[in-house]
Amino acid sequence: MPRFHVPLPLSPGARLELPAGAARHVQVLRLQPGASITLFNGEGGEWTASVARMTRSAVEVTLQAHDAVEREAPRAVHLAVALMAAERLDWLIEKATELGAAGFIPLLAERSSLRLTGERAARKLAHWRAVAVAACEQSGRNRVPDVAEPVALPDWLAAGLPHTGPCWMLALDAPSQPLAEAAAAWPADAPLTLLSGPEGGFSPQEAAAARAAGCTPVSLGARVLRAETAPLAALATALLR
Ligand code: SAM
């Protein structure tokens, strides 16, 4: 059944007009009045609903029952990823959302190829958040992972690691420990942060600062993985244990 994210208050029996994006999606799918759909607003669970009325641009729906179902990963894993080529970060956010990532922190690193300022940065952030929403609509997640405002790596480290649990810096060069070893020491109820570098890697100064801030260098093996592959591989391995 088609799923739509509707960031509005939802209640049984309510009749509401879908936001423009969701309405367009209903029309693209050529749904007709009477069609059954699923809505979720990110506050938990999902709602069965049906299309009540359609005009050229508007779609009205009637909500039916709420189901408190969640399809979240068993543990919270946050991805703190250095900005990389835009299409690669889109891909990473989509796939990591499907895999259950709890949130994304885009970081500006010395060797980040993508530089964002002002209006362009705001548009990019809105786009990434829409990518995460679309991945939730597709995958069945009812909680949309947050995509934070991009922050410079030194500022992020200086603010103190955002979560109580471990932070693994995905590191190609020694000294680093195999992921399986780091995973064995990951406390069961602690959130995990994965810190990964841009296409050109972290500078030695950045890597030293991350280690000093408490990030543990973790290796994913001898092969050089792309900036979007490494965090996804670590996420999948950490979550599917
Ligand atoms: N020439 C860069 C270097 O030597 O760091 C390659 C960077 S790689 C394309 C992008 C990021 O992916 C790295 O900064 C690291 O965070 C992560 N990465 C890639 N391969 C990895 C591996 N085998 N183990 C751990 N992290 C890896």
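Both ligands and their constituent atoms are indexed starting at 1 by order of listing. When reading the values below, keep in mind they use all heavy atoms of this one structure, side chains included, and skip hydrogens, waters and symmetry mates.
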Donor + acceptor pair across side chains of S50, Q64 (<3.5 Å): yes

Minimum-distance protein heavy atom relative to atom 3 (C) of ligand 1: L172 CD1, 3.7 Å

Polar proximity ligand 1 side, G201 side, N/O cut 3.5 Å exclusive: no

Atoms in ligand 1 with a heavy atom of V218 nearer than 4.0 Å: 25 (C)

Cluster check L153, V147: I/L/V/M/F/W/Y, side chain < 4.5 angstrom: no

Nitrogen or oxygen atoms of A230 and ligand 1 under 3.5 Å apart: no

Nearest neighbour in protein (non-hydrogen) for atom 14 (O) of ligand 1: G197 CA, 3.3 Å

Enumerated ligand 1 atoms positioned under 4.0 Å from heavy atoms of S196: 16 (O)

Note: E72-R141 ion pair, threshold 4.0 Å (strictly below): yes

V224, any N or O under 3.5 Å of ligand 1 N or O: no

Step-by-step side-chain contact (heavy atoms from CB on, under 4.5 Å) determination, E137 to F40: CA-CA 9 Å; E137 290 176 332; F40 65 102; 3.8 Å; yes

Subset of ligand 1 atoms that lie under 4.0 Å from at least one heavy atom of E199: 2 (C), 6 (C), 7 (C), 9 (C)

ILVMFWY cluster, M169 and I105 together (side-chain gap under 4.5 Å): yes

Ligand 1 versus P198: contacting region, heavy-atom distance under 4.0 Å: backbone

Ligand 1 contact by S176, heavy-atom criterion under 4.0 angstrom: no

Parallel, tilted or perpendicular: ring planes of W168 versus W186, cut at 30 and 60 degrees: perpendicular

Close N or O approach (A227, ligand 1; < 3.5 Å): no

Transitive ILVMFWY side-chain link M54 to I37, under 4.5 Å: yes

Per-atom contacts of ligand 1 with G200, taking only distances under 4.0 Å to non-hydrogen atoms: 2 (C)

Protein heavy atom at shortest distance from atom 24 (N) of ligand 1: L220 N, 2.9 Å

Residue-ligand contact L195/ligand 1, heavy atom below 4.0 Å: no

Shared hydrophobic cluster for L116 and L92 (ILVMFWY, side-chain gaps under 4.5 Å): yes

Donor-acceptor under 3.5 Å (N41 side chain, L8 main chain): yes

Atom 19 (C) of ligand 1 - nearest protein heavy atom and its distance: L225 O, 3.1 Å

Any N or O of G221 closer than 3.5 Å to N or O of ligand 1: yes

Any N or O of R223 closer than 3.5 Å to N or O of ligand 1: yes

Side-chain donor or acceptor of R111 paired with backbone N/O of F202 under 3.5 Å: yes

Spatial distance of atom CH2 (W128) from atom OG1 (T97) [nearest 0.5 Å]: 13.0 Å

